[in-house]
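Notes follow the structure.
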Number of protein chains: 2
Amino acid sequence: MVVIREGTGSLSQRLYEALSSAILSGSYEAGAPLPSSRALAAQLGISRNTVNSVYERLEAEGFVAIKASAGVFAAQGAYAPKKPPSRSRDSDYVGFRKKRNDIADFKSGLPDGRHFPVAAWSRALAAALKKASPLVFGYGEPEGRPELREAIASYVGRYRAARCAPNQILVTAGTTQAIGILGSVLLSGKLRDAVVEDPLTQDIKSILQDRGARIMAVPVGETGLDPSLIPGKLKPALVYVTPSHQYPTGRSMPIQNRIALTEYARRVGSVVIEDDYDSEFRFDGPPLPSLQGLDPDNVIYIGTFSKTLSPALRCGYLILPARLIRAAREAKWLSDLHNPILDQLALADFIKSGRYARHIAKMKRLYRARRACLAEALTRTCEAKGVEFEIIGCAAGLHLVVRFPGRRFGAAELESLESSGAKAYPVSVHSLKPKAWEDSLILGYGSLDEAEIETGVKSLVKGIASIETI
Amino acid sequence: MVVIREGTGSLSQRLYEALSSAILSGSYEAGAPLPSSRALAAQLGISRNTVNSVYERLEAEGFVAIKASAGVFAAQGAYAPKKPPSRSRDSDYVGFRKKRNDIADFKSGLPDGRHFPVAAWSRALAAALKKASPLVFGYGEPEGRPELREAIASYVGRYRAARCAPNQILVTAGTTQAIGILGSVLLSGKLRDAVVEDPLTQDIKSILQDRGARIMAVPVGETGLDPSLIPGKLKPALVYVTPSHQYPTGRSMPIQNRIALTEYARRVGSVVIEDDYDSEFRFDGPPLPSLQGLDPDNVIYIGTFSKTLSPALRCGYLILPARLIRAAREAKWLSDLHNPILDQLALADFIKSGRYARHIAKMKRLYRARRACLAEALTRTCEAKGVEFEIIGCAAGLHLVVRFPGRRFGAAELESLESSGAKAYPVSVHSLKPKAWEDSLILGYGSLDEAEIETGVKSLVKGIASIETI
């Protein structure tokens with residue numbers, strides 16, 4: 001007796017499911033006869049043609065053997081009782097982190113999503129879709145759309161004093177992927193030494209190490225990474241720096257170190273990676289000219305739209321010396337082929353029309369006011385509570401670093417700050433040297449408005465005042 | 001005499017550029033005095049305040065030293081004459097390939113961009129933007145948006161007989177990235193053997209090898225990969241298959257091999273990767289149920305929207321056994337953090353509203369007609385020209401494979417076909433065994449309409465008829 005389920009799907013699909021499940025689960029053993037098409041059609045009140053076409057499909061997929069004049073039989077090897085999948089443990093479950101509204105979260109590197117240019121972006125997307133040729137919906141080239149590469153080359157030339165032609169631009173899915181691509185291109189065989197700044201974003205270390213890098217960390221001083229501290233016998237495959245606004249310390253590299261660094265790279269035959277993640281937001285004077293502009297042959301520039309527009313777009317770019325274009329293009333192709341095309345076209349339009357520069361100018365005013373608000377609130381509140389502090393690295397970006405001499409921020413202290421109502425981030429987790437930067441906190445102000453900053457600072461300083469000094 | 005350029009940018013920005021360039025290029029040697037702010041202001045007809053603020057900036061960036069009452073001097077180490085970047089050779093230039101309109105391009109794996117649902121997708125994007133909360137414009141989670149993961153889980157359960165919960169879904173930037181992530185997760189230390197089908201898409205081999213894989217190729221027979229051909233002593237880290245529609249041969253794996261393969265994986269403690277790249281377009285009966293549904297604990301499923309919707313979206317997904325969720329999530333984070341968020345929300349809406357299923361149904365009718373047109377035109381034209389041929393692997397997807405017994409398609413023959421007006425693709429470039437499949441061509445029909453297919457087949461067969469048989 002064949003029972004087919006009620007519900008949606010064509011009759012023949014449901015019959016197919018009923019019979020294949022019955023064979024899979026062993027209701028018909030190998031060699032056992034299935035009902036004749038005449039009997040089955042009569043039982044179910046359907047046409048013999050329907051039954052026959054289902055039997056033909058089952059035969060094509062190996063469930064049954066049809067023997068002329070003898071009938072239809074369950075095939076060998078088509079029995080596989082369903083195994084229930086393992087229950088996932090709670091620890092396997094990956095859900096969304098909840099954002100607590102009652103806590104001021106000083107997370108760094110976050111632009112304010114409340115100011116994303118929704119209407120302008122919506123128009124740019126609609127315009128891109130409207131004028132899209134059918135080819136736009138096919139596969140693209142790994143380096144990205146020519147429209148976007150031209151817009152970026154012109155933008156970085158004008159605003160970042162970078163020197164490049166559009167064909168040196170490779171569009172990436174943000175800075176993370178850009179670093180991964182460079183790791184693949186630059187690290188190989190014996191060329192495995194990667195000079196990095198200490199402290200350093202943890203993910204960057206992991207990405208380079210995954211590609212075989214030996215990490216050689218150079219402590220960041222007042223003026224950023226000093227190439228004279230790199231061991232003389234080292235021939236690094238790459239030197240990774242954030243010269244405009246060191247992450248996390250917030251310091252900037254003056255021209256002397258910039259020149260020394262490019263000359264070092266030239267001398268030892270290495271290449272400098274300039275990660276320029278948030279230099280557009282420089283408040284004390286216009287952005288520093290890029291390192292890339294000093295020596296386009298030996299500096300690779302990484303740019304991103306994550307801080308200026310939104311990290312949700314997952315879009316950034318590399319500016320490559322000519323000799324590295326082909327290898328980087330290949331690495332991008334084997335990573336994810338290319339960036340989504342429609343987004344690229346919308347972004348090209350957004351930049352070319354000048355709306356991107358206007359958005360940056362608007363956000364810069366907003367963030368400058370927030371930085372001032374944070375610095376002022378910190379000063380006022382710390383002085384009122386008698387908490388010693390020093391603000392460092394605040395000339396640019398979406399975060400600053402504050403030292404609290406005599407204090408130490410470990411897991412317990414950070415938890416206690418959070419229960420006071422402020423989530424702050426220690427510099428020490430980014431330090432490659434143990435027990436360094438333990439008295440310093442990163443305070444991001446990009447995604448908090450001035451009222452939130454005021455309240456947050458009150459909670460933060462109250463929490464810090466209650467931490468014992470050492 | 002300081003000369004500042006005409007043009008856009010604030011006066012102070014142009015003065016800054018003029019002075020910093022002069023110092024960088026050596027016009028002021030280290031220690032040389034710069035004009036006093038009074039003299040410079042008078043010369044340029046601007047305020048002393050403007051000059052002083054530019055000097056302060058130059059001091060902050062290390063270009064000058066300001067000595068109280070003595071004046072402003074070019075700093076040490078700020079001289080770096082601009083080096084012209086190397087001219088890129090022509091071979092470095094990466095431009096867009098031109099599509100020739102006078103040639104029928106039988107490229108496989110391409111859906112027809114002329115039928116992308118522009119209006120519906122535009123509405124889905126606009127709706128996603130309209131209801132987006134500010135958090136949507138921040139960073140997301142590597143596994144993807146919960147809305148999309150729920151929509152996918154429900155879709156694959158219904159249409160692909162896959163068994164999974166939304167928390168087993170990881171959204172990826174297409175199949176390429178999905179395979180890269182699996183390579184990172186599954187290959188490590190001694191676990192380096194990867195069993196693959198032969199022939200195999202070349203990129204997949206490269207991606208796995210980049211992550212340290214030792215490739216063990218098993219020839220694909222009439223019924224796909226036969227696990228009894230895997231050497232008994234091998235403990236592969238993974239077995240990669242395309243069971244619904246083997247690429248490129250187009251063959252399907254019957255239920256016996258499916259069961260045998262999952263049992264093999266279970267026995268040796270390996271895992272099967274099921275790349276289900278185009279099974280939605282199955283013309284002879286409904287899609288084969290997925291391998292994943294047979295054994296969710298030992299099969300990883302790779303799905304994609306590249307063939308059903310558009311490769312330009314760069315969106316696909318993995319269905320993972322619980323034990324691999326965390327590692328895959330980590331690998332996605334270190335690849336590119338996560339997929340663009342707005343696209344994910346639009347796609348979730350597109351699937352949930354039923355528009356995705358309707359689009360697939362529409363495209364399936366279109367592609368079925370094109371397949372019939374191609375098969376019919378091939379038969380008619382080959383018979384008229386007396387060219388022997390055999391169509392294989394045409395039950396599904398956007399391409400079929402044709403054998404031309406006695407012919408051999410090398411570079412010269414393919415070029416001659418192209419000059420006849422048809423671009424076809426050899427199976428042999430995907431073959432890991434040398435001198436195999438030399439008589440077979442892959443003919444994609446996804447992006448050609450029926451008139452283009454008719455013309456293309458005429459050119460193709462004319463070209464083939466003129467190739468000497470061996």
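Throughout, a chain's letter reflects where its sequence line sits, starting with A, and its residues are numbered from 1. What you see below is based on every heavy atom in this structure, not just the backbone, and it leaves out hydrogens, waters and symmetry mates.
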### Query
Which value, rounded to the nearest 0.5 Å, describes the distance between A:Phe137 atom CZ and B:Leu313 atom CG?
8.5 Å

### Message
I'd like to know which of B:Pro254, B:Gly77, B:Ala178 tops the heavy-atom pair count under 4.5 Å against chain A.
### Response
B:Gly77

### Task
Under 4.5 Å heavy-atom distance to chain A, tell me which part of B:Asp210 shows up: side chain, backbone, both or neither.
side chain

### Query
How long is the span from the OH atom in A:Tyr139 to the CG atom in B:Leu110, to the nearest 0.5 Å?
7.0 Å

## Note on the structure
So, the part of B:His115 with a heavy atom under 4.5 Å from chain A: the answer is neither

### Task
With rounding to the nearest 0.5 Å, note down the distance linking OG in A:Ser206 to CG in B:Leu334.
5.5 Å

## Note on the structure
For A:Gln256 and B:Gln76, the nearest pair of non-hydrogen atoms, with its separation, is NE2-O, 2.7 Å

#### Entry: Region of B:Ser306 that comes under 4.5 Å of a non-hydrogen atom in chain A
side chain

### Message
As an exercise, state the distance from NE2 of A:His338 to OG1 of B:Thr176, rounded to the nearest 0.5 Å.
### Response
9.0 Å

### Message
Heavy-atom pairs under 4.5 Å with chain A: which of B:Ala75, B:Gly174, B:Ala78 has the most?
### Response
B:Ala78

### Query
Would a 4.5 Å heavy-atom cut-off, applied to side chains only, mark A:Ile23 and B:Ile255 as touching?
no

### Task
Heavy atoms only, distances under 4.5 angstrom: which of A:Asp112, A:Asp203, A:Thr172 has the most pairs with chain B? Name it, please.
A:Asp203

### Portion of B:Leu125 that has a non-hydrogen atom of chain A nearer than 4.5 angstrom
side chain

### Task
Could you have a look at A:Gly109, A:Pro111, A:Gly113 and say which one has the most heavy-atom pairs with chain B under 4.5 angstrom?
A:Gly113

### Query
What distance separates A:Ile341 CD1 from B:Ser310 OG, expressed to the nearest 0.5 Å?
7.0 Å

### Message
Can a donor-acceptor pair be found, under 3.5 Å and without considering hydrogens, that links the side chain of A:Arg314 to the backbone of B:Asp336?
### Response
yes

#### Entry: Proximity breakdown for B:Asp343 and chain A, heavy-atom pairs closer than 4.5 Å
side chain

### Query
If you count heavy-atom pairs under 4.5 Å between each of B:Ser20, B:Pro311, B:Ser184 and chain A, which one has the most?
B:Pro311

#### Entry: Interface moiety of B:Ser335 toward chain A, non-hydrogen atoms closer than 4.5 Å
backbone

### Side chain to side chain, A:Phe116 and B:Val136, heavy atoms closer than 4.5 Å
no

### Task
Select one option (side chain, backbone, both, neither) describing which atoms of B:Val54 are under 4.5 Å from chain A's heavy atoms.
neither

